[in-house]
Amino acid sequence: MSDLKLQHLEKIYDNKVQAVYDFDLDVKDGELIVLVGPSGCGKSTTLRMVAGLEDISKGKLIIDGKDVTQMPPKDRDIAMVFQNYALYGHMTIYENMAFSLMLRKENKNEIHQKVLAAAEILDLTAQLNKKPAQLSGGQRQRVAMGRAIVRKPKVFLFDEPLSNLDAKLRAATRREILLLHKRLNATMLYVTHDQTEALTLADRIVCMSMGHVQQIGTPLELYDTPANLFVASFIGLPPMNLFDVVIEKGFAVCEDFAVELTEQEQQVLAPYEGKTVTMGVRPENVVEGGYITVDVFSNENLGQNTLVNGSVGSHKITCKFRDWSTYKAGDQVQVSFNKKHFFDKATTNAIR
């Protein structure tokens with residue numbers, strides 16, 4: 001496999017609409033990078049620029065040390081797995097997987113060995129004589145991955161490959177992609193709007209919004225130390241609770257409650273004394289016991305934990321308790337926050 005460098009890539013369409021701004025990323029050999037963000041954020045456009053399906057307006061694309069910015073797709077030695085599988089319905093699974101190699105006029109025996117090897121990796125050996133219509137959605141997606149594997153490309157590209165699958169198949173296929181990555185030690189660029197896929201698959205995540213990269217880091221870095229309010233709100237399920245608070249003499253104060261700041265928080269927030277900032281608290285960082293009263297709206301038992309939705313005065317809040325809870329609408333529960341995040345109101349950047 002190979003490394004991949006996206007050097008200050010930009011995409012500007014003929015109507016002057018800009019879809020991607022200054023996208024800069026070095027992907028290491030064998031690394032799985034996930035581009036995540038809401039619809040229209042530029043992640044698929046970035047992937048299509050790497051694939052050669054979109055022209056690069058500015059910047060350079062380097063694969064394995066070679067500038068391929070102006071190269072046609074067929075010469076870039078990449079393989080792309082699409083959301084809709086893109087299989088040929090009149091061909092068998094074997095023929096679908098072998099098709100690109102046949103176009104290259106490779107030796108028939110070599111094609112046969114490559115297809116069998118890929119089918120074994122993906123548990124498709126028993127399906128090779130079937131047509132795509134005879135397979136489940138998950139099996140068809142594995143065929144699409146097999147078609148990419150046989151080519152032994154320098155880079156694998158995945159464009160929301162699981163979005164057409166139901167929840168159970170999505171989870172199973174996600175595990176297969178993770179195992180495939182480890183088995184092949186492949187360089188992969190993977191696009192999704194699903195943060196669960198991003199957090200479970202990625203070596204590193206690129207979080208995007210409105211064409212701009214918001215943060216690049218490991219899943220834990222984006223979850224634990226979000227760079228700004230967008231990343232904090234987008235990464236994490238349920239989303240982070242947000243409150244406007246005023247920093248006053250060791251406390252974060254809003255009209256409905258006040259929480260005491262740790263010594264470290266006081267030091268970091270010293271320049272904001274008397275000013276309003278945004279305080280974020282993840283639902284799992286709301287713990288039972290404390291001086292903040294939550295009026296319960298609903299109680300969602302999920303097995304190992306419970307989501308309790310309610311309000312603190314005029315502020316809505318979601319709590320994620322570890323144990324099975326029996327709260328009901330109208331109950332009150334006392335809580336506290338065991339970890340807090342703070343963001344500048346003007347820039348939305350995290351206050352470190």
Side-chain angles (χ1 to χ4, degrees), residues 37-39 193 195-196 207 209-210 214-215 222-302 305-352:
S39 298
H193 64 273
Q195 58 166 290
T196 301
C207 188
S209 173
M210 300 179 68
Q214 300 296 315
Q215 187 173 359
L222 267 71
Y223 182 82
D224 224 23
T225 54
N228 56 41
L229 202 52
F230 175 82
V231 178
S233 302
F234 190 81
I235 300 294
L237 197 66
M240 182 180 284
N241 299 297
L242 299 174
F243 310 94
D244 282 348
V245 296
V246 179
I247 305 305
E248 292 183 359
K249 299 178 181 179
F251 287 85
V253 182
C254 74
E255 65 268 29
D256 296 312
F257 63 86
V259 293
E260 189 172 3
L261 301 173
T262 66
E263 287 187 15
Q264 184 179 6
E265 288 169 343
Q266 290 181 49
Q267 291 173 5
V268 170
L269 291 166
Y272 292 87
E273 184 70 27
K275 297 179 180 178
T276 300
V277 301
T278 301
M279 181 177 73
V281 181
R282 294 204 180 277
E284 52 270 36
N285 294 132
V286 182
V287 295
E288 292 175 278
Y291 301 97
I292 301 170
T293 302
V294 175
D295 294 307
V296 176
F297 296 157
S298 65
N299 188 79
E300 303 174 54
N301 285 308
L302 303 176
N305 50 57
T306 304
L307 295 182
V308 175
N309 301 297
S311 66
V312 179
S314 61
H315 295 83
K316 290 183 179 179
I317 187 171
T318 298
C319 318
K320 188 175 184 180
F321 299 143
R322 290 186 180 181
D323 299 323
W324 186 280
S325 299
T326 57
Y327 298 111
K328 59 185 182 298
D331 285 350
Q332 290 187 329
V333 55
Q334 301 299 123
V335 302
S336 58
F337 305 147
N338 64 11
K339 183 172 183 178
K340 305 176 287 293
H341 302 264
F342 294 93
F343 304 92
D344 187 288
K345 285 285 290 180
T347 66
T348 76
N349 290 332
I351 301 171
R352 297 282 186 242

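Position 1 is the first residue of the sequence, and the numbers go up from there.
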Checklist entry - Can you check whether F342 reaches L269 side chain to side chain, under 4.5 Å on heavy atoms? => result yes
Item to check | Test side-chain contact (heavy atoms from CB on, under 4.5 Å) applied to E300 - qualifying residues, sequence neighbours left out | outcome: S298, L307, N309
Checklist entry - Any side chain to side chain donor-acceptor pair (under 3.5 Å) pairs touching residues 228-241, not counting sequence neighbours? => result Q214-N228
Checklist outcome for this item: Contacts satisfying ring-ring contact (aromatic ring centres under 6.0 Å, His included) that involve residues 312-335 (not counting sequence neighbours) are F243-H315
Checklist entry - Could you give the distance from CG (D344) to OH (Y272), rounded to the nearest 0.5 Å? => result 3.5 Å
Item to check | Spacing of CD belonging to E248 relative to CD belonging to E273, to within rounding of 0.5 Å | outcome: 7.5 Å
Checklist entry - What residues form a salt bridge (charged side-chain N to carboxylate O under 4.0 Å, His left out) with D244, not counting sequence neighbours? => result K345
Item to check | Over all atoms of both residues, closest heavy-atom pair of S336 and G289 | outcome: OG-O, 2.9 Å
Item to check | Spatial distance of atom CD (E265) from atom CD (E260) [nearest 0.5 Å] | outcome: 10.0 Å
Checklist entry - What pairs with H193 under ring-ring contact (aromatic ring centres under 6.0 Å, His included), at least two apart in sequence or on another chain? => result none
Checklist entry - Who are the side-chain contact (heavy atoms from CB on, under 4.5 Å) partners of S39, not counting sequence neighbours? => result none
Next on the checklist: Counting only heavy atoms from other residues, nucleotides and ligands, does the tally under 6.0 Å from CD of Q264 exceed 12?
Outcome noted: no
Next on the checklist: Can you confirm whether I235 sits close enough to Q215 that some side-chain heavy atom of one is under 4.5 Å from a side-chain heavy atom of the other?
Outcome noted: no
Checklist outcome for this item: Taking every heavy atom of P38 against every heavy atom of F230, the minimum-distance pair comes out as CD-CZ, 3.6 Å
Checklist entry - Who pairs with N285 by side-chain contact (heavy atoms from CB on, under 4.5 Å), at least two apart in sequence or on another chain? => result V281, R282, N338, K339
Checklist entry - Can you list the residues that meet the ring-ring contact (aromatic ring centres under 6.0 Å, His included) rule with F343, with sequence neighbours excluded? => result none
Next on the checklist: Whether the side chain of T306 engages the backbone of S325 through a donor-acceptor N/O pair (distance < 3.5 Å, no angle test) should be reported.
Outcome noted: yes
Item to check | Distance, nearest 0.5 Å, that separates OG1 of T278 from NE2 of H341 | outcome: 13.0 Å
Checklist entry - In chain order, what residues pass the salt bridge (charged side-chain N to carboxylate O under 4.0 Å, His left out) check against K249, with sequence neighbours excluded? => result none
Checklist entry - Step by step, would you call Q334 with T293 a side-chain contact (heavy atoms from CB on, under 4.5 Å)? => result CA-CA 5 Å; Q334 301 299 123; T293 302; 2.8 Å; yes
Checklist entry - Nearest heavy-atom pair of A350 and P226: which atoms, and what distance? => result CB-O, 3.3 Å
Checklist outcome for this item: Residues passing the side-chain contact (heavy atoms from CB on, under 4.5 Å) test with E263, sequence neighbours excluded, are none
Item to check | Set of residues satisfying salt bridge (charged side-chain N to carboxylate O under 4.0 Å, His left out) with respect to K320, sequence neighbours excluded | outcome: none
Checklist entry - Do you know which two heavy atoms are closest between K340 and L261, and how far apart they sit? => result CE-CD2, 4.2 Å
Next on the checklist: Side chains of C207 and L222, heavy atoms from C-beta outward: is any pair under 4.5 Å?
Outcome noted: yes
Item to check | Closest heavy-atom pair and its distance - A252, M279 | outcome: CB-SD, 4.2 Å
Next on the checklist: Are L229 and L242 packed together at the side-chain level, in the sense that at least one heavy-atom pair is separated by less than 4.5 angstrom?
Outcome noted: yes
Item to check | Minimum heavy-atom distance G310-V294, with the two atoms named | outcome: CA-CG1, 4.1 Å
Checklist outcome for this item: Residues at least two apart in sequence or cross-chain that pass salt bridge (charged side-chain N to carboxylate O under 4.0 Å, His left out) with D256, listed by chain then number, are none
